[in-house]
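Everything below concerns the one structure shown next.
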Amino acid sequence: MDSIEHRTIHANGITMHVAMKGSENAPVILFLHGFPESWYSWRYQILALSSLGYRSVAPDLRGYGDTDAPAEITSYTCFHLVGDLIGLLDVVAPNEDKVFVVAHDWGAIIAWNPQKKFVETLRTLYGDDYYMCRFQEPGVIEAEYAERGTERVLKELLTHRVAGPLFLPKGKGLNGAPLDAPLVLPSWLSEEDFKYYTNKFEQKGFTGGLNYYRNLDRNWELTAPWTGAQVTVPVKFIIGDEDLTYNSLGGKDYIDSGGFKRDVPFLEELVVMEGVGHFLNQERADEINKHIYDFFQKF
């Protein structure tokens, strides 16, 4: 880990922290993390792919870690997030016309934004306690998280492994579990790793990451000019069969019915990993590293 370079750069009007490793002349892989994570969630991929001839670039996204967290909710739209990344690449890879992108969770939403009025659909489908719905009201979930404590909140989220919708009932743990239910870190997350995440979220708070969810409907409105647009770059999609997103929101049916292939016509490979949860790039790091390398070697 000591070999990873850390830089602070100015892009799109904010200051961003980025972790990098690899030759400046090597092809660039841009790694985009999700919630509640940071560049650190790509630590295994940064080291592995840089050793295989790539230049790994993994920023803390807007609102996370050591990157700025603007106060306004409206500063977290898809345009802001994509603008940050374009500005970042202009600084760290100014001579690159194209880069490889590896994205997880919210990072994937940035990579290919959904085109639907999301929150209304979620409320109808799952009710007000569904986690994305609970995240909508500014300050409410932050107050609950403050009362519960950063360490407990993160441990709940990072250890959660239920293959279905995620609910946050008020005054209870995830999916209604008791607030004092014992939690054990999974084998893929060491105490040192967990301490890193906890320290960063204690410094930054959760509001930046939560503001991504508060722009879901706004993003739908902003991207109206691209309604019906397809993802027209070669794609490899990997998901765990125990991932909550695979087992809710119609994800599995969307994939199995061919809807995914329709919207992403250059989908070249689709991998469903057995016995794997949401944080697959950390849980099965070696396998994910090989999947990434094997796919990018085609280009």
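- P36 pairs in a side chain to side chain contact (heavy atoms under 4.5 Å, CB included) with only one of the listed residues (T150, L154, D105, V153), which is L154.
- Aromatic ring centroids of F35 and Y212 lie 6.0 Å or more apart.
- No side-chain heavy atom of L185 sits less than 4.5 Å from a side-chain heavy atom of S190.
- Counting all heavy atoms, side chain and backbone alike, W39 lies closest to A58 at CB-O, 3.2 Å.
- Going from atom CD1 of I141 over to atom SG of C133 covers 11.5 Å, rounded to the nearest 0.5 Å.
- Taken from CG in N247 to CG in D253, the straight-line distance is 10.5 Å, to the nearest 0.5 Å.
- Counting heavy-atom neighbours within 6.0 Å of E274 CD, excluding the residue itself, gives a total of 12 or less.
- Of the N and O atoms on the side chains of H10 and T15, at least one donor lies less than 3.5 Å from an acceptor on the other residue.
- Proximity of E37 to W106: side-chain heavy atoms (C-beta onward) are nowhere separated by under 4.5 Å.
- Under the side chain to side chain donor-acceptor pair (under 3.5 Å) criterion, D256 pairs with K252, not counting sequence neighbours.
- R284 CZ to K290 NZ: the interatomic distance, rounded to the nearest 0.5 Å, is 14.5 Å.
- Across all non-hydrogen atoms, the minimal contact from H160 to N175 is CE1-ND2, 3.7 Å.
- Proximity of L85 to L32: side-chain heavy atoms (C-beta onward) are separated by under 4.5 Å at one or more points.
- In terms of modelled atom types and a separation under 3.5 Å, the side chain of E147 and the main chain of A143 share no donor-acceptor contact.
- Nearest heavy atoms, I29 versus I292: CD1-CG2, 4.5 Å.
- Note on ring orientation: taking the six-membered ring where Trp is involved, the planes of H104 and F279 are tilted (angle from 30° to 60°).
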Run the salt bridge (Lys or Arg N to Asp or Glu O under 4.0 Å) test on R214 and E142 for me, step by step, so that the C-alpha distance in whole Å, both residues' side-chain angles and the decisive distance to 0.1 Å come before the verdict. CA-CA 13 Å; R214 292 164 182 158; E142 287 96 327; 2.9 Å; yes
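- Nearest heavy-atom pair across I255 and F260 is CG1-CD2, 3.9 Å.
- Taking hydrophobic clusters as Ile, Leu, Val, Met, Phe, Trp and Tyr residues chained together by side-chain heavy-atom distances below 4.5 Å, L166 does not share a cluster with V162.
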Could you go through D217 and F118, starting from their C-alpha distance and side-chain angles, then the distance that decides it, and tell me whether this counts as side chain to side chain contact (heavy atoms under 4.5 Å, CB included)? CA-CA 6 Å; D217 283 354; F118 218 55; 4.1 Å; yes
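- Both V57 and V82 belong to a common hydrophobic cluster when Ile, Leu, Val, Met, Phe, Trp and Tyr are linked at side-chain heavy-atom distances under 4.5 angstrom.
- The existence of a salt bridge linking E191 and K195 is excluded, since no basic side-chain nitrogen approaches an acidic carboxylate oxygen closer than 4.0 Å.
- Salt bridge E192/R43: absent, no basic N to carboxylate O contact under 4.0 Å.
- Here the side chains of K155 and T198 are not in contact, with every heavy-atom distance at 4.5 Å or above.
- Following chains of ILVMFWY side-chain contacts shorter than 4.5 Å, one can reach I239 starting from L267, so the two form part of one hydrophobic cluster.
- Counting only distance, with no hydrogens or angles, the side chain of Q136 and the backbone of Y213 share a donor-acceptor pair below 3.5 Å.
- Between the side chains of N281 and Y44, no donor-acceptor pair is found at a separation under 3.5 Å.
- Of all non-hydrogen atoms in M20 and R7, the two that sit nearest each other are CE-CD, 3.0 Å.
- Electrostatic pairing of E283 and R161 counts as a salt bridge here, judged by a charged N lying under 4.0 Å from a carboxylate O.
- T67 contributes atom OG1, which lies 6.0 Å from atom CD1 of I14 (distance to the nearest 0.5 angstrom).
- Using a distance-only test at 3.5 Å, with no hydrogens or angles considered, no donor-acceptor pair links the side chain of N219 to the main chain of T77.
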Tell me, with the steps shown, if E269 and K298 meet salt bridge (Lys or Arg N to Asp or Glu O under 4.0 Å). CA-CA 12 Å; E269 297 181 43; K298 297 179 178 182; 2.7 Å; yes
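- The side-chain heavy atoms of V140 and R134, taken from C-beta on, include a pair separated by under 4.5 Å.
- For the atom pair CZ of F79 and CD1 of I86, the computed distance is 12.5 Å after rounding to the nearest 0.5 Å.
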Any chance you could lay out the side chain to side chain donor-acceptor pair (under 3.5 Å) test for D193 and Y40, step after step, and finish with the verdict? CA-CA 8 Å; D193 296 332; Y40 192 78; 2.6 Å; yes
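- Side-chain contact between T74 and H80 is absent, with no heavy-atom pair separated by less than 4.5 Å.
- Minimum interatomic distance between Y126 and P165 (heavy atoms only, all atoms of both residues): CE2-CG, 3.5 Å.
- Under a hydrophobic clustering in which Ile, Leu, Val, Met, Phe, Trp and Tyr are joined whenever their side-chain heavy atoms come within less than 4.5 Å, directly or via other members, L157 and F194 fall into the same cluster.
- The local environment of NZ in K98 is sparse, with at most 12 non-hydrogen atoms from other residues, nucleotides or ligands closer than 6.0 Å.
- Residue E268 qualifies as enclosed at atom CD: its count of foreign heavy atoms under 6.0 Å is above 12.
- Residues F299 and P234 are in side-chain contact: their nearest non-hydrogen atoms beyond the backbone lie under 4.5 Å apart.
- Counting heavy atoms from C-beta outward, V231 and F266 have side chains that stay 4.5 Å or more apart.
- Between D68 and R62 no salt bridge is recorded (no basic side-chain N to carboxylate O distance below 4.0 Å).
- From Y76, atom OH reaches atom CG of N215 across 10.0 Å, with rounding to the nearest 0.5 Å.
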